[in-house]
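Here is the structure we will look at, set down as structure tokens.
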Amino acid sequence: MCTRRSERLSTRSTTRPTAPWTSGELVRRQAAQEIGTIIYSLGCFPSQKDLHDFIAKVEEDHTGYIHLDKFLPAMTKVLQEHKFPPISEDLLLQAFEALDKEKKDYLDPEELTKYMTQEGEPFTQEEMEEMLTALADHRNQIHYKDVVSQMTIKPDK
Amino acid sequence: MGKSEVRLKKCERAIRAALLIQRWYRQYVARLEMRRRCTWNIFQSIEYAGEQDQIKLYNFFDFLMHHFTPASSERSLISHIFRVNEICRDAEWERYFCYESIEVPDSYTGPRLTFPMTFCGVSKVVQAFKHKQQLHARYVLQLLRETWRLLRILTNISHVSTCHTKEITICGDLHGHLEDLLLIFYKNGLPSSEKPYVFNGDFVDRGKNSLEILLILFGFLLVYPNDVHLNRGNHEDHIVNLRYGFTKEVLGKYRVHGKKILNLLQKIFSWLPLATVIDHKVLIVHGGISATTDLNAIARVDRHKYVSALRPPKPTHYAADGCKTQAMGSNHREASGPAEGRRRVCSLTHHSSPPAQRSDLPRRSLHNLPMGSLLSWSVEEELKRRRRLAGFDQSYGELQRSDTESGATAETDEHEWKQIVDVLWSDPMPQNGCIPNEVRGGGCYWGPDVTEEVLGRHNLQLLIRSHECKQDGYEFCHNRRVLTIFSASNYYEMGSNRGAYIRMGPDLVPHFIQYQASQACRELTLRQSVGWTERSALRALREQLFVHKSDLISAFQEFDPNNTGKISLSHWASATESVLKLGLPWRVLRPQLVSSTQYGIVDYQMWIRELSITEPKLQISDTSILETMYKNHSNLETIFRVIDTDHSGSISFEEFRQTWRLLCSHLKTEISDEAIADLAHSIDFNKDGSIDINEFMEAFRLVDLSAHA
């Protein structure tokens with residue numbers, strides 16, 4: 001793990017200064033960010049709900065902190081049970097095709113934005129902007145077949 | 001199935017599809033974030049390891065000073081390093097700044113300045129630098145003289161007040177990044193009495209326009225002395241400058257007057273104020289604080305005595321040949337125990353929390369710097385008294401000292417020195433406590449409890465500091481009581497980070513403006529900028545690995561008693577860390593560093609061979625010298641520049657040989673005189689019996705040719 005000094009992974013993010021927060025909801029959202037990053041980078045694909053459930057199990061009594069002692073066994077279990085398996089290229093393609101109502105083999109930014117920000121576990125504006133920058137080509141179209149093959153990260157040996 | 005049911009099914013499909021895509025994309029972004037943080041760690045570890053390295057080198061010189069006999073040739077070599085400036089009295093300094101004799105030719109197209117400096121004048125300078133012109137040496141010297149005169153009357157701590165019409169702008173490290181300073185001025189406006197600025201140190205080193213930044217900042221300081229405030233940073237230190245590029249920059253730009261400019265800057269740096277306080281509520285210092293930080297004590301010190309953090313103050317006296325040197329206690333000392341045995345600087349509160357060291361091996365640091373025992377002090381005191389009786393001059397800084405002072409002065413000096421070093425070199429840490437900053441080698445790591453205590457003791461509400469590069473240009477910590485501000489964008493590499501500055505009004509609430517100097521970076525996607533920076537970091541890391549080849553192989557062989565040439569991944573990781581000591585997540589980095597793994601086993605011999613870095617253009621038969629050279633690239637260059645006292649850019653064969661002998665003592669390795677002579681002859685490119693430092697360093701710069709680059 002990259003944390004160099006503390007064994008307690010703080011769920012209070014020190015890198016994003018925001019307005020002073022007191023509500024538990026905000027704490028959990030910030031916890032989700034840091035823990036999510038770790039879980040994702042271990043090759044797992046949990047949904048936001050999966051993450052919240054996981055954190056609720058390992059968090060230390062609403063303090064906003066997660067101790068390594070609790071996290072490690074829970075995480076190991078997740079890995080051993082393949083609880084949040086990766087999404088295959090085929091499945092991903094099918095998903096994009098489901099959104100491509102007119103079957104034109106690409107999506108317009110407006111189409112994608114509508115789904116990503118209104119359905120499922122919606123993106124924030126920031127996430128949406130970043131996704132469009134990453135996926136749209138010079139014609140401002142999202143050619144998902146190319147995107148999927150370029151951006152699927154192969155699992156480590 | 002009815003039409004509405006079909007429609008419903010299609011809707012459900014779409015929602016499930018959206019969920020899937022969101023899940024997939026979030027995972028992708030998180031993987032990139034992890035890579036970005038690893039990259040950051042790599043850059044930062046290598047940066048701090050370099051700083052620590054330099055301090056180890058200077059500790060070594062200091063040790064030598066106390067152990068070599070007067071006759072030894074090494075001693076005269078090292079005495080260069082500790083030689084105090086020959087000019088001591090103010091009157092002499094005035095003359096040294098003499099620029100009147102320097103003629104400015106008609107062909108000079110740069111700005112011509114008149115003094116006292118005006119807003120018009122400094123604007124001309126800014127414009128000139130924007131168009132890549134160079135200011136004539138005469139005007140540089142003149143500007144520096146005026147700056148020195150002004151700085152001398154400033155107090156150690158600048159006090160600033162806000163009012164409704166004036167917001168204060170606070171900038172962090174600039175490190176020679178002129179484009180960032182120009183961008184700040186463009187977005188925020190030039191300094192003026194309506195637009196006060198605080199610049200929080202580290203104006204120089206690393207970037208290639210350190211001198212231009214200094215001249216601009218000094219220019220504005222001269223025009224608006226009440227509204228422009230400069231704090232000293234740890235890089236405003238001539239010894240640090242030898243290693244990190246500023247010395248080289250000045251000598252390169254001013255071949256005739258460079259040395260003079262450097263000497264003057266050495267003095268000017270020591271006169272820079274140490275802190276700024278806004279409305280008695282906000283403290284701004286470059287590094288930070290320690291548990292013992294006392295602003296009243298800092299306000300009282302003679303700050304100009306502390307020319308370099310790497311050289312604690314010692315009593316000065318004249319050696320037999322009449323040139324001033326620092327205390328050579330050893331010729332009179334009987335005991336000759338190791339440096340560590342003497343009285344140390346030990347004034348940090350130690351806590352039970354685990355230390356922040358990256359490894360368990362003992363490190364030399366400023367904290368172990370020997371300050372001389374009481375015995376040697378009294379002998380030196382006696383010598384000093386006798387010399388004074390004999391009519392030798394006192395150094396400027398010693399004028400206040402009386403003959404009857406006891407060893408208590410040494411202790412006061414120690415405490416003062418520590419106050420200053422702490423304020424210039426410390427870093428915050430998440431845990432409570434205050435421990436020596438072994439990573440950098442100077443100052444300390446301080447925790448949130450220390451923040452509360454020190455701020456409380458001084459009735460302050462916020463500490464603004466710089467010193468550490470931050471991804472977004474700024475970062476809060478310690479319950480938002482400590483704010484780091486860093487103004488050099490793309491510091492590690494193109495796209496590595498944004499810079500930022502602060503605007504603050506009477507409500508003392510900081511507002512941030514972020515920027516990134518290059519247009520190209522801003523248009524990169526997250527993936528592209530992470531990839532670019534990552535490639536650069538990995539290149540730097542591979543160079544480090546290559547340079548430590550033999551040590552790595554020895555470490556691997558410890559885990560491979562049967563000499564199979566293969567070890568497990570976890571052994572690979574721990575062996576690599578034990579050699580490089582960078583505290584990096586090797587297992588996470590492994591996929592990008594090692595391609596030859598099978599079932600969790602690394603073929604380390606093959607891996608080392610695959611680290612394809614070019615060899616130098618010259619053929620050196622002795623590979624151990626080569627490795628030493630690569631590993632100690634920066635140290636070598638530092639020693640060369642120190643030896644090159646006339647700043648000519650080249651050294652003689654004899655000096656070259658002495659450098660190597662010095663370095664080998666430091667590293668405790670052996671290199672034969674013949675090997676050194678061979679090396680010297682092969683790099684005497686001009687065949688004139690002297691070695692050009694720049695050419696030498698270039699010839700041995702590593703070039704990464706791996707497929708990943």
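In the text below, chain A, chain B and the rest are named by the order of the sequence lines, each starting its count at 1.
Looking at Pro46(A), the atoms closer than 4.5 Å to chain B (heavy atoms on both sides) all sit in the backbone: N, CA, C or O. Heavy-atom distances place both the backbone and the side chain of Leu91(A) under 4.5 Å from chain B. Arg16(B) does not touch chain A: none of its heavy atoms, backbone or side chain, sits under 4.5 Å away.
Annotation: maximal heavy-atom pairing with chain B below 4.5 Å, among Met131(A), Glu127(A), Gln94(A), occurs at Met131(A). Between chain B and the options Phe45(A), Phe96(A), Tyr115(A), Phe84(A), the largest number of non-hydrogen pairs under 4.5 Å is found for Phe45(A).
Looking at Asp449(B), its side chain never comes within 3.5 Å of a backbone N or O of Asn432(B) through a donor-acceptor pair. Asp100(A) places a side-chain N or O within donor-acceptor distance of the main-chain N or O of Asp105(A), the cut-off being under 3.5 Å. Side-chain atoms of Glu577(B) come within 3.5 Å of backbone atoms of Gly583(B) as a donor-acceptor pair (strictly under, hydrogens ignored).
Using a 4.0 Å cut-off between charged nitrogen and carboxylate oxygen, Asp53(A) and Lys49(A) count as a salt-bridge pair.
Within the 4.5 Å cutoff, no side-chain heavy atoms of Leu463(B) are placed close to those of Arg481(B).
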